[in-house]
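Letters A, B, ... mirror the listed sequences (proteins, then strands); counts begin at 1.
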Number of protein chains: 2
Amino acid sequence: MTATDGAEVRPSITTGPITGSRKVHHVTGSGLRVPARRIDLSNGEHFDVYDTSGPYTDPNATIDVHSGLTPIREPWLADRKHDTQLGWAKAGVVTREMEFVAARERVDPEFVRSEVALGRAVIPANRAHPETEPMIIGKNFLVKVNANMGNSAVWSSVEEEVDKMVWATRWGADTIMDLSTGRRIHETREWLLRNSPVPVGTVPIYQALEKVGGDPARLSWEVYRDTVIEQCEQGVDYMTVHAGVLLRYVPLTARRVTGIVSRGGSIMAAWCLAHHTESFLYTHFEELCEILRSYDVTFSLGDGLRPGSIADANDRAQFAELETLGELTHLARQHDVQVMVEGPGHVPMHKIKENVELEERLCGEAPFYTLGPLATDIAPAYDHITSAIGAAQIGWYGTAMLCYVTPKEHLGLPDRDDVKTGVITYKIAAHAADLAKGHPYAQEWDDALSTARFEFRWHDQFALSLDPDTARAFHDETLPAEAAKTAHFCSMCGPKFCSMRITQDVRAYAEEHGLTSMTAIEEGMREKSREFTERGGQVYLPVVE
Amino acid sequence: MTATDGAEVRPSITTGPITGSRKVHHVTGSGLRVPARRIDLSNGEHFDVYDTSGPYTDPNATIDVHSGLTPIREPWLADRKHDTQLGWAKAGVVTREMEFVAARERVDPEFVRSEVALGRAVIPANRAHPETEPMIIGKNFLVKVNANMGNSAVWSSVEEEVDKMVWATRWGADTIMDLSTGRRIHETREWLLRNSPVPVGTVPIYQALEKVGGDPARLSWEVYRDTVIEQCEQGVDYMTVHAGVLLRYVPLTARRVTGIVSRGGSIMAAWCLAHHTESFLYTHFEELCEILRSYDVTFSLGDGLRPGSIADANDRAQFAELETLGELTHLARQHDVQVMVEGPGHVPMHKIKENVELEERLCGEAPFYTLGPLATDIAPAYDHITSAIGAAQIGWYGTAMLCYVTPKEHLGLPDRDDVKTGVITYKIAAHAADLAKGHPYAQEWDDALSTARFEFRWHDQFALSLDPDTARAFHDETLPAEAAKTAHFCSMCGPKFCSMRITQDVRAYAEEHGLTSMTAIEEGMREKSREFTERGGQVYLPVVE
């Protein structure tokens with residue numbers, strides 16, 4: 001395989017298991033092999049976690065980026081007539097994809113079907129992307145994370161983007177978006193699609209704009225439509241469409257601090273103004289539905305007027321567009337096309353909840369997919385953090401997928417390290433949201449890690465971390481010796497001051513002195529507590545040996 | 001000045017202004033010089049921000065760590081009889097310290113006095129620490145950040161701690177805590193106090209334990225009291241006292257996933273169990289009040305039973321102790337001693353608010369001072385982020401000061417880079433909270449940066465960042481040329497796709513075509529919008545030139 005300019009493309013990617021874990025497969029009733037990442041613990045137990053990394057972490061898999069991943073969904077597709085997941089769900093049919101995601105999420109397949117039928121969840125899985133391991137996006141499932149890839153006019157290559165895609169899914173990206181805007185757009189996307197184990201999203205207007213030499217005024221429905229078909233054919237699983245940027249909304253952005261910050265939004269605004277005509281994405285929306293339906297491509301209705309600063313959050317422009325996105329959501333569903341809705345952006349904490357409530361009401365609970373939001377503007381170089389603060393909250397309130405933000409946001413293009421930092425940061429936000437939503441399995445992971453920590457099982461603590469390598473490296477920096485990995489203390493307090501060690505001593509002491517039943521002590525203590533309060537706080541409690 | 005072991009101590013510290021800004025002083029009515037950091041912008045404007053860095057960022061100041069900082073408060077203290085800030089506030093007196101913090105916070109000095117009188121805010125300023133620039137901690141002021149320092153039994157030196165202290169205040173630490181537990185505790189503290197421009201907190205039980213050879217059972221009120229007096233004499237501004245760890249609460253921790261994780265809490269629990277006696281911190285609390293009162297040292301009532309894992313959040317042990325802290329808060333206030341109350345720890349998002357509400361109710365709105373909380377346990381090496389998620393929220397709900405967490409939390413001791421990362425991360429959380437609370441000046445900063453961003457004033461954007469050096473370095477990585485610092489696009493989209501540039505083109509276009517009054521367009525558009533909806537979405541809006 002060579003690049004369009006004749007140069008050979010040689011992506012170098014990371015394979016092999018994540019430290020301290022290994023690939024396992026759970027087999028479903030009808031024989032589907034559903035991947036999980038198993039962490040074997042030193043106490044003989046194990047802990048399985050959701051696995052987005054595809055065959056790359058499986059030492060038994062043969063990886064050849066030139067031929068691409070095995071198209072695991074091909075036999076499923078051959079077995080049935082064409083329809084969308086939404087179409088099947090409405091018809092009461094549980095597809096293989098639904099069965100697969102049910103096993104990944106540890107829920108009943110019928111529950112998956114009913115959430116998809118309601119439009120409250122989507123399974124982005126283009127028929128032309130059979131390599132993908134199906135996953136689901138919806139508020140009643142685990143919160144998902146998207147990682148953006150893509151070269152630009154000024155930087156990066158096909159090789160780097162493939163490497164970053166494998167790297168992002170290794171650390172937990174549930175979907176990736178190819179936002180390429182430079183040369184080789186088609187080629188980059190082909191490489192990503194054939195090698196991606198997760199759904200791939202795009203913003204077709206970027207490629208359409210390249211086709212007309214970068215002048216928004218020269219865009220047309222025909223150029224756009226042909227670009228969408230090209231991308232559907234290649235296997236793109238979901239597409240961002242900024243069909244809510246209406247001509248009449250553009251002036252609402254005039255007095256904003258940061259105007260229109262969405263690329264797609266600004267392109268469409270420029271087109272609308274130049275032609276004094278309503279957006280062709282809006283006027284041709286039903287034709288677009290029919291195209292997406294025939295491949296089962298999911299809409300990601302883009303928020304072209306999202307706020308680009310704290311000052312512009314929740315303003316009229318943003319919410320006017322959201323209303324239109326609601327209208328389009330219902331239209332797409334009538335065509336049996338799956339829909340997600342994109343959200344902000346930059347929002348201070350006290351204005352986050354309103355975004356979710358409004359989206360759910362206007363868009364019939366279509367999965368909300370937000371970028372952050374950043375909770376403040378004052379920390380470029382740390383926007384993975386400013387946005388994780390907002391992302392965790394908006395996830396808790398019901399957002400189904402969080403688009404990551406890397407440390408380079410607003411400043412440059414993310415490299416490999418930034419991609420990892422962005423993904424891990426967003427796995428934190430997503431998991432914090434799962435915990436706060438009371439997801440039945442979320443807390444098990446925290447408990448497993450905290451128990452390992454309390455029992456000084458250092459290797460288990462590392463293996464249970466989102467990033468075992470960095471956790472271990474940080475421990476090594478202060479206490480590099482292997483002995484320290486079994487030590488009953490750590491570098492923060494040293495042996496004498498270790499609070500957890502003292503707690504264990506306290507427990508041992510209690511047991512030694514026959515105070516084995518903590519319930520008994522507790523009962524006694526409660527009695528004594530009353531006496532104590534009555535006697536004015538000067539009591540020596542008679543807990544004798 | 002030499003170390004106790006005879007070796008010469010040579011701290012090397014960072015001085016000079018932060019990139020893109022310079023020290024200025026605002027002079028108050030009675031002539032106090034209140035520092036601020038002025039960011040001069042390329043459009044001729046300037047933006048002043050709160051400055052914690054002390055004389056170290058002032059090129060006109062002479063810095064000699066061997067003689068310490070100028071004791072600026074000495075003349076103020078000489079002018080008045082001894083009392084605490086709380087005592088003066090109750091008596092209706094506005095002290096110099098109150099006047100100073102009022103200027104820093106841009107509020108009326110009388111408001112400061114009344115908040116202190118109510119106990120809703122504290123000004124930690126030991127008479128024996130005249131070098132400190134007064135600051136205030138309370139929910140109606142800017143949210144503050146504390147950075148922990150301190151060597152331990154296994155690592156770090158006096159030099160490093162002094163360097164880290166200057167470094168932490170440079171990036172915005174409002175107070176520091178010296179948590180040293182190894183050798184040279186007294187000496188390290190002396191160096192920190194004489195050179196710290198911010199209040200210094202300690203946990204006296206750590207030094208007391210060193211004095212009895214590390215065996216909690218050998219602790220006594222007398223050893224503890226003498227340690228407290230020693231530290232008061234040196235100038236410690238606030239002290240963590242775990243007086244709420246009562247004997248009867250210890251069994252409540254028995255079935256926890258992570259037991260007692262506070263060092264002070266576990267030491268006191270061990271003492272109580274070993275002696276079958278109520279905590280001497282509790283039984284001697286009023287004597288302690290009288291000691292702290294005579295120096296105006298502020299209590300930081302420690303949460304020795306704080307949760308150390310998501311599983312243990314908001315449990316009976318934690319809230320039982322909080323009730324006792326409430327009782328002690330009221331007792332201390334009767335003695336005119338200022339009080340803050342410490343909080344967790346590890347708390348999932350949906351359980352955070354309850355912590356603030358309970359603290360405010362039980363402790364009469366005494367300033368709440370929390371460690372994080374971490375919103376999940378599964379990301380060691382990223383706990384600055386897991387905890388910033390919780391910290392931003394708890395700050396929004398009313399927490400007055402946030403104790404930072406560094407990437408090394410749970411794994412090792414923070415180095416200089418970790419300290420900076422921790423401080424910047426917590427400045428983000430604190431500022432996000434200020435924004436969400438609607439602090440009148442908080443959004444000005446975001447607006448200044450976002451306006452610079454929108455106008456492609458790159459140097460201004462860097463200078464207005466919490467970390468200008470890193471922001472600029474990240475920009476340089478993709479577009480290193482100086483020309484790129486004035487370019488009307490950035491590396492993410494390149495020149496053709498820049499959304500903000502397109503927005504500006506849109507505005508220019510509108511102006512060119514006589515659409516100068518955006519209000520006029522908006523009015524017209526609103527009319528057209530109604531027509532549009534009525535006609536079913538197929539309208540070409542007649543916005544003609």
Check: Is a side-chain donor or acceptor of A:Asp446 paired with a backbone partner of B:Asp377 at a separation under 3.5 angstrom?
Finding: yes
Please report the interatomic distance [atom1]([X]) to [atom2]([Y]), rounded to the nearest 0.5 Å.
| X | Y | atom1 | atom2 | result |
| --- | --- | --- | --- | --- |
| A:Gln443 | B:Ile378 | CD | CD1 | 11.5 Å |
| B:Phe474 | A:Thr406 | CZ | OG1 | 8.5 Å |
| A:Leu449 | B:His410 | CG | NE2 | 9.0 Å |

Under 4.5 Å from any heavy atom of chain A, what part of [X] do you find: side chain, backbone, both or neither?
| X | value |
| --- | --- |
| B:Ser465 | both |
| B:Phe462 | side chain |
| B:Pro407 | both |
| B:Gln393 | both |
| B:Leu464 | backbone |

Who wins among [options] for the most heavy-atom pairs under 4.5 Å with chain B?
| options | result |
| --- | --- |
| A:Leu435, A:Thr386, A:Thr451 | A:Leu435 |
| A:Ala442, A:Pro468, A:Pro348, A:Ala392 | A:Ala392 |
| A:Ala432, A:Ala375, A:Ser309, A:Pro380 | A:Pro380 |

Identify the two heavy atoms, one from [X] and one from [Y], that lie closest to each other, and give their separation to 0.1 Å.
| X | Y | answer |
| --- | --- | --- |
| B:Leu411 | A:His475 | O-CD2, 3.3 Å |
| B:Met349 | A:Ala436 | CB-CB, 3.8 Å |
| B:Thr258 | A:Ser450 | CG2-O, 3.6 Å |

Next item on the list: Would you please name every residue forming a side-chain hydrogen bond (donor to acceptor under 3.5 Å, both in side chains) with B:Thr324, sequence neighbours left out?
Entry: B:Tyr249
Note to self: Please identify, among B:Ala320, B:Ala388, B:Cys272, the residue contributing the most non-hydrogen atom pairs under 4.5 Å to chain A.
What the structure shows: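 Ranked by heavy-atom pairs under 4.5 Å with chain A, first place is B:Ala388.
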Checklist line | Non-neighbouring partners of A:Tyr382 that pass ring-ring contact (aromatic ring centres under 6.0 Å, His included), sequence neighbours left out | finding: none
Check: Which answer fits A:Ser262, side chain, backbone, both or neither, if we ask what part of it has an atom under 4.5 Å from a heavy atom of chain B?
Finding: backbone
Item checked: B:Ile389, B:Ile385, B:Ile424 screened by side-chain contact (heavy atoms from CB on, under 4.5 Å) with A:Ile385, the one that passes -> B:Ile385
